[in-house]
Undergrad: 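Dumping the structure here so I can ask a few things about it.
Bear in mind the structure is a predicted one, so any value in this text is a computation, not a measurement. These numbers come from the heavy atoms of this one structure, side chains and all, not from hydrogens, waters or symmetry mates.
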Amino acid sequence: MQKDQPSPSRGKLDRQSWLLLAVNALFIIASALSGTFIGVYLWKASHNFAVLGLFTLLTHFCMAVTFWTAGYWVKKGHKMMCFRLGIGMSAVFYAIVLLLGINAVHYIWLLGIVQGLGTGLFWLVFNVIYFEVTDPDNRDRFNGWTGIIGAVAGMVAPWCSGLLITRMAAETGYRMVFMISFGTFVAAVVVSIWLRNRKSEGDYEWKLPVRIFQKPHTAWKTTLGALAAQGFRESVFGVMIGLLVYIQTGSEMKLGNFTLITSAIAFLSFYAAGKWIKPIWRSRAMLVGTIVMTAVIIPFFFGISYKTMLVFGIGTSLFIPLYTIPMTSAVFDLIGQHEESAKQRVEYVVLRELALSAGRVVSMIIFIITIHFSKAPIVLNCLLLFIGCSPLVSWLMMRRNFAPKPIKE
């Protein structure tokens, strides 16, 4: 049982857990409404993969800096202020896009910085609160609900956005979508008022990452490597998949349909995985998920089309819960395993996010360098396969950490 929680949840979620899920839902909906199309919006203005790569690289780099520096303020008791500021900065991002319009492509540096600050603050505090309101008994269930929310948002929001963009004049449709996202972020700030601001103990340890690597034997070394491998995949695939669908179809509505189909499948798979995955099954579940997530990239070598994109999207949606739920739950169980790490939950959440960001930054640098030399389909396919194999690295590094640990009362 976690040291900072006096009694077990017996697998149930309490009011604070549901409130956190509600804030997460609003944030995800706002992001899904516009996030699916911001890449397309910038692509239509530039027709340059490098521009999108630079925007994403700046975002991930600023997120990493935000995680490390904002951890101090979260530890000092300003958690909810940082949380609301993160949501607010995400709203400001879309306000800037609305203000600049199509000229936003010339301010990639500004967009990347604001996006990185907003998402960094939000996910830092979200993960700290997540650790505080869950325990090993209900963590898989919470992660299942998080996946369900993401899947429902992915079903409804991008499809509605695609409909608005195609039914209205293109620029007007995009502006309407960005305005709705702005309003949804504001609603998330309002709901966050009811979340409890639990106090953290002690002073913020700036050098925790250095101390962890100086330890001769610690599960955190392999865990950080696994997290970096997870981020390695997320970065490039987050940029390329939606954009490739748009390039193949030339239609925002088709992109909306793609996300509707894949998210509907993800909804069912996250529901099943969150309900039935138990800690003892995490290693096997994650292995199956990683193998399939890698295998569904192979059809790209027979030609990238809307059909092969669907094969990839459906296969990934079916099996990604088997990868992400065990991965996330195991990392936070590791934080709660000892009283010292539970008290330093802010620093360990920062450490987790820094590892993810490191993987994201490295993969995006590789992406930018690769497309500088060649944009040939075979080169892009080999790049996607190389990056897409990284979940297998995560499993190899995490498999020993899935072994059940004795729980001290």
Side-chain angles (χ1 to χ4, degrees), residues 25-45 47 49 52 56 94 97 146-181 183-184 233-234 236-273 292-293 295-321 324 377 380-381 384 388:
L26 290 168
F27 189 90
I28 295 295
I29 289 168
S31 301
L33 277 166
S34 299
T36 307
F37 295 95
I38 191 69
V40 173
Y41 189 70
L42 296 175
W43 164 262
K44 291 174 77 171
H47 288 278
F49 284 122
L52 292 176
T56 308
Y94 288 105
V97 175
T146 302
I148 289 170
I149 289 167
V152 172
M155 278 192 290
V156 179
W159 186 86
C160 292
S161 297
L163 186 65
L164 278 173
I165 293 168
T166 53
R167 292 292 177 88
M168 305 173 76
E171 184 67 18
T172 304
Y174 274 105
R175 292 179 71 83
M176 179 63 70
V177 168
F178 296 151
M179 286 177 65
I180 296 170
S181 287
T184 309
R233 181 188 188 277
E234 290 175 353
V236 171
F237 277 73
V239 171
M240 288 298 295
I241 299 306
L243 185 57
L244 286 173
V245 171
Y246 175 77
I247 291 172
Q248 291 300 315
T249 62
S251 168
E252 286 89 352
M253 193 69 247
K254 284 285 185 68
L255 176 54
N257 289 338
F258 175 85
T259 58
L260 175 66
I261 294 168
T262 55
S263 296
I265 293 168
F267 169 82
L268 297 174
S269 56
F270 267 106
Y271 176 80
V292 177
M293 287 167 61
V296 293
I297 302 170
I298 295 174
F300 290 167
F301 287 88
F302 299 97
I304 295 180
S305 64
Y306 189 62
K307 288 183 178 179
T308 54
M309 295 303 300
L310 274 176
V311 170
F312 169 84
I314 291 171
T316 301
S317 297
L318 274 173
F319 288 91
I320 198 169
T324 57
L380 290 177
N381 288 340
L384 289 175

Undergrad: Can you sort out the partners of Phe178 under ring-ring contact (aromatic ring centres under 6.0 Å, His included), two or more places apart, ordered by chain and number?
TA: Tyr41, Tyr94
Undergrad: My understanding is that only residues two or more places apart in sequence, or in another chain, count here; which of them pass side chain to side chain donor-acceptor pair (under 3.5 Å) with Gln248?
TA: none
Undergrad: Could I get the full list of side chain to side chain contact (heavy atoms under 4.5 Å, CB included) partners for Phe302, not counting sequence neighbours?
TA: Ile298
Undergrad: Test side-chain contact (heavy atoms from CB on, under 4.5 Å) on Thr316 and Thr262; report intermediate values, then the result.
TA: CA-CA 8 Å; Thr316 301; Thr262 55; over 6 Å; no
Undergrad: Sequence neighbours excluded, which residues qualify as side chain to side chain contact (heavy atoms under 4.5 Å, CB included) partners of Ile297?
TA: Phe237, Phe300, Phe312, Leu384, Leu385
Undergrad: Within a reach of under 6.0 Å around CE of Met253, are more than 12 heavy atoms found that belong to other residues, nucleotides or ligands?
TA: yes
Undergrad: Might you point out which heavy atoms bring Val245 and Met309 nearest each other, and give the distance in Å?
TA: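 Val245 and Met309 have their closest heavy atoms at CG2-CE, 3.8 Å.
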Undergrad: From Ile28 CD1 over to Thr184 OG1, what is the distance, rounded to the nearest 0.5 angstrom?
TA: 12.0 Å
Undergrad: With side-chain contact (heavy atoms from CB on, under 4.5 Å) as the test, would you mind laying out the steps for Val292 and Leu318 before giving the verdict?
TA: CA-CA 9 Å; Val292 177; Leu318 274 173; over 6 Å; no
Undergrad: Hey, does Lys307 have a side-chain heavy atom less than 4.5 Å from the side chain of Val311?
TA: no
Undergrad: Atom CZ in Arg167, atom CD in Glu252: separation rounded to 0.5 Å?
TA: 13.5 Å
Undergrad: Trp43: which residues meet the ring-ring contact (aromatic ring centres under 6.0 Å, His included) condition with it, sequence neighbours left out?
TA: His47, Phe49
Undergrad: Working to the nearest 0.5 angstrom, can you tell me the gap between Leu268 CG and Tyr271 OH?
TA: 10.0 Å
Undergrad: Kindly give the heavy-atom pair with the smallest separation between Val239 and Leu243, and that separation in Å.
TA: O-CB, 3.6 Å
Undergrad: Kindly give the heavy-atom pair with the smallest separation between Lys44 and Tyr174, and that separation in Å.
TA: CD-OH, 4.0 Å
Undergrad: Is the side chain of Thr308 donor-acceptor paired with the backbone N or O of Ser305 at a distance under 3.5 Å, no angle test?
TA: yes
Undergrad: Working to the nearest 0.5 angstrom, can you tell me the gap between Ser263 OG and Phe270 CZ?
TA: 10.0 Å
Undergrad: Can you find a heavy atom in the side chain of Tyr246 that is under 4.5 Å from one in the side chain of Phe37?
TA: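 No; the side chains remain at least 4.5 Å from each other.
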Undergrad: What distance separates Leu380 CG from Ile304 CD1, expressed to the nearest 0.5 Å?
TA: 6.5 Å
Undergrad: Tell me, please, which residues at least two apart from Ala272 pass side chain to side chain contact (heavy atoms under 4.5 Å, CB included).
TA: Trp276
Undergrad: Go through the structure and list residues passing ring-ring contact (aromatic ring centres under 6.0 Å, His included) with Phe27, not counting sequence neighbours.
TA: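 Scan of Phe27 (ring-ring contact (aromatic ring centres under 6.0 Å, His included), adjacent residues dropped) gives Phe122, Trp123, Phe185.
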Undergrad: Can you sort out the partners of Ser181 under side chain to side chain donor-acceptor pair (under 3.5 Å), two or more places apart, ordered by chain and number?
TA: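 Ser181: side chain to side chain donor-acceptor pair (under 3.5 Å) contacts with Ser34.
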Undergrad: Search all heavy atoms of Ser269 against all heavy atoms of Ala266 and return the closest pair with its distance.
TA: OG-O, 3.1 Å
Undergrad: Could you measure the distance from the OG1 atom of Thr249 to the CG atom of Leu244? Nearest 0.5 Å is fine.
TA: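 Those atoms lie 10.5 Å apart.
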Undergrad: Closest approach of Pro321 and Ser317, non-hydrogen atoms and distance?
TA: CD-O, 3.5 Å
Undergrad: Taking only distance into account, with no hydrogens and no angle test, what donor-acceptor pairs under 3.5 Å do side-chain atoms of residues 153-164 form with protein atoms, sequence neighbours excluded?
TA:
{"residue": "Trp159", "atom": "NE1", "partner": "Asn257", "partner atom": "OD1", "Å": "3.0"}
{"residue": "Ser161", "atom": "OG", "partner": "Leu33", "partner atom": "O", "Å": "2.6"}
{"residue": "Ser161", "atom": "OG", "partner": "Ala157", "partner atom": "O", "Å": "3.0"}

